[in-house]
Amino acid sequence: MTTIKLHNTKTRKKEVFAPIDPDNVRMYVCGPTVYDRAHLGNARPVLVFDVLFRLLRHVYGTDRVTYVRNFTDVDDKINDTARKRKEVGAKGTLEELIAERTEETISWYHADMDALGALRPTQEPRATDWIGAMIAMIEDLIAKGHAYAAEGHVLFAVDSYANYGALSGRSVDDMIAGARVEVAPYKRNPMDFVLWKPSDAETPGWDSPWGRGRPGWHIECSAMSFELLGASFDIHGGGNDLQFPHHENEIAQSKCAHPEGDFANVWMHNEMLQVEGKKMSKSLGNFFTVRDLLDQGVPGEVIRFVMLGTHYRKPMDWTEKKRDEAERTLRLWRNLANTAQPGGRVSPEVLAALAEDLNTSGAISVLHKLAKGINSRQRHDVDQAELDDFAASAGLLGLLEDSYSMGSWVFGKEIGTVLSDMNLSRMAGMMTEVRARAMQTKDFSEVDRLKTALLDAGVEVRMSKEGVELVPGPGFDPAKLEGLL
């Protein structure tokens, strides 16, 4: 069996992954708070842990991996968004508008992540469906002396858990100095965090021993992960912006509520995303959602390819240059694999790269090498199994799959232009074969004829020892290709 190594934030080192139960590998990833469209940065953990999900299923078996990613559908940001809609005249109670907004946002999220080729997790619990479990966990924490009620709130007592701060590697004093701590007279310690808070008559709320209210953010994931995965499970993931306070607080709650368990054995955190070398922000004008890119005609597969081109523990920089390169690469790869059949064998080199702390950039480098080898030979010299294996290897990264519809490859152009792009791929293959014959016969007249015709059609012809690449230029006229094929 393939040995997987993962960097564990908890131990700060790369470790051999040994699941608690190889027949039931369990992973929890913090999902979105559903108040608005997912921005590009939100997509990074989705794709990182989607590849890990695929790798685990490949190694341990499709039915032996449980992947849970939650929806936070009770939150002050959601309430504020619905309140603003009500203020501008939206009909319905605040609670109805909140429900409407969460349903709308979850459907957006699914559509956008589906377009990126992300598999749906095994389970996608909504926080509002697990309020009872949260109340039970809070009651247990109070009974064990780890939480206390005060003025309609319930707070976790940070000083009751000796290892608080171990994940982030900071002392409580450091965390107080570096964090925006809510000052409240009912807190015993400035770092104590809310498990339950009161709701007014208009805000969504549930009956509890402490009055009508709603849960704090952190208790949601602790309760849902326990109910669905148990007191001990294998992997907990998310962006590194969640390491403190969210994940730190999850550990404290869960370990105090269920001291018999280890909570998560492996903690994984992906780095953040930049745009053209700068932090994405609305003030810089470089903030955009996944849907913005999709609506501009950027295929979801291209977004995925760019994201996976950087190791998950390094900052990822989205650039137009990377986008263009990804489009060209995927066009070539799809042309190579257009006759591939299901059942291919994943390249050992691709599998080894992914097994080495999810090295997606290394796996893509291997795919480039495999594609180069296939493209350097004439079609009749390429074995069918080689094409099948190439497609299967790309598929382990969620690339070249049939789930990407033809529409996702339109690039904002008319279908006729897409067909022209396919013709260019056929032309490149034909040019490669004609050029190979010319190298043997020393008669390059046919090569020159085709090259002249392509240049006249506005196509840049790039020839190298690896093969022929045809790139449509600004004056590309697809009609002029018709007589060449």
Side chain to side chain, V46 and N42, heavy atoms closer than 4.5 Å: no
Test salt bridge (charged side-chain N to carboxylate O under 4.0 Å, His left out) applied to D357 and K5, R313, K13, K314, the passing residue: R313
Modelled atom types, side-chain donor and acceptor of N249 and Y164, under 3.5 Å: yes
Presence of salt bridge, R212 and D200, under 4.0 angstrom: no
Distance in Å, K372 NZ paired with L336 CG, rounded so as to fall on 0.5 Å steps: 13.5 Å
T289 backbone acceptor or donor facing D292 side chain under 3.5 Å: yes
Distance, nearest 0.5 Å, that separates CD1 of I251 from NE2 of H218: 12.5 Å
Side chain proximity check, K77 to D80, heavy atoms < 4.5 angstrom: no
Any donor-acceptor pair under 3.5 Å from T105 side chain to T102 backbone: no
D23 with R64: basic N within carboxylate O range, under 4.0 Å: yes
D112 to R291 - nearest heavy-atom pair and separation: OD1-NH2, 2.6 Å
Reported NE2-to-NZ distance for the pair H247 and K10, which is rounded to 0.5 angstrom: 13.0 Å
L52 vs M268 side-chain heavy atoms within contact, under 4.5 Å: yes
Shortest non-hydrogen contact from C256 toward K144: O-CD, 3.6 Å
Distance (rounded to the nearest 0.5 Å) between L195 CG and L155 CG: 6.5 Å
Distance-minimising heavy-atom pair for N359 and G362: OD1-N, 2.9 Å
Short side-chain to backbone donor-acceptor contact, N265 and S232, under 3.5 Å: no
Side chains of R83 and L94 in contact at under 4.5 Å (non-hydrogen atoms): yes
SB check E103 R126 (cutoff 4.0 Å): yes
Side-chain donor or acceptor of T128 paired with backbone N/O of D73 under 3.5 Å: no
E301 with R304: basic N within carboxylate O range, under 4.0 Å: no
Student check: side-chain heavy atoms of M134 and E220 closer than 4.5 Å: yes
Under 3.5 Å donor-acceptor, S168 side chain and Q243 backbone: no
Cationic N near anionic O, under 4.0 Å, R101 to E104: yes
S347 and D389 side chains, donor-acceptor separation under 3.5 Å: no
Parallel, tilted or perpendicular: ring planes of H246 versus W217, cut at 30 and 60 degrees: parallel
Mutual orientation of the aromatic rings belonging to Y28 and H236 [parallel < 30°, tilted 30-60°, perpendicular > 60°]: tilted
Pairwise distance CD(E260) to NZ(K255) - rounded to 0.5 angstrom: 9.5 Å
Ring geometry between H258 and F226 (parallel below 30°, tilted from 30 to 60°, perpendicular above 60°): parallel
NZ/NE/NH1/NH2 to OD/OE distance under 4.0 Å, R323 and E327: yes
salt_bridge(K14, E356) N-O dist < 4.0 Å: yes
pair T122-L228: side-chain heavy atoms closer than 4.5 Å: no
Minimum heavy-atom distance between I98 and A82, given as atom pair plus value: CG1-CB, 3.4 Å
Check: Y161 ring centre within less than 6.0 Å of H146 ring centre: no
Backbone N/O of R214 and side chain of K197: donor-acceptor pair under 3.5 Å: no
Plane angle bin for W318 and F288 - parallel if under 30°, tilted between 30 and 60°, otherwise perpendicular: perpendicular
Backbone N/O of K279 and side chain of N286: donor-acceptor pair under 3.5 Å: yes
Least distance between heavy atoms, A353 atom then A363 atom: CB-N, 3.6 Å
Check: R44 side chain, L308 main-chain N or O, donor-acceptor pair, under 3.5 Å: no
Any donor-acceptor N/O pair, R26 side chain to P19 backbone, under 3.5 Å: no
Cation-pi, Y148 ring and R188 (6.0 angstrom, 45 degrees): yes
Donor on one side chain, acceptor on other, S361 and H311, under 3.5 Å: no
Atom of D388, atom of Q341 and distance for their closest heavy-atom approach: OD1-N, 2.7 Å
Exercise: do D50 and Y67 side chains pair donor with acceptor under 3.5 Å: no
Euclidean distance, R57 CZ relative to L396 CG, rounded to 0.5 Å: 10.5 Å
Min side-chain heavy-atom separation D317-T310 under 4.5 Å: no
Under 3.5 Å donor-acceptor, E124 side chain and F71 backbone: no
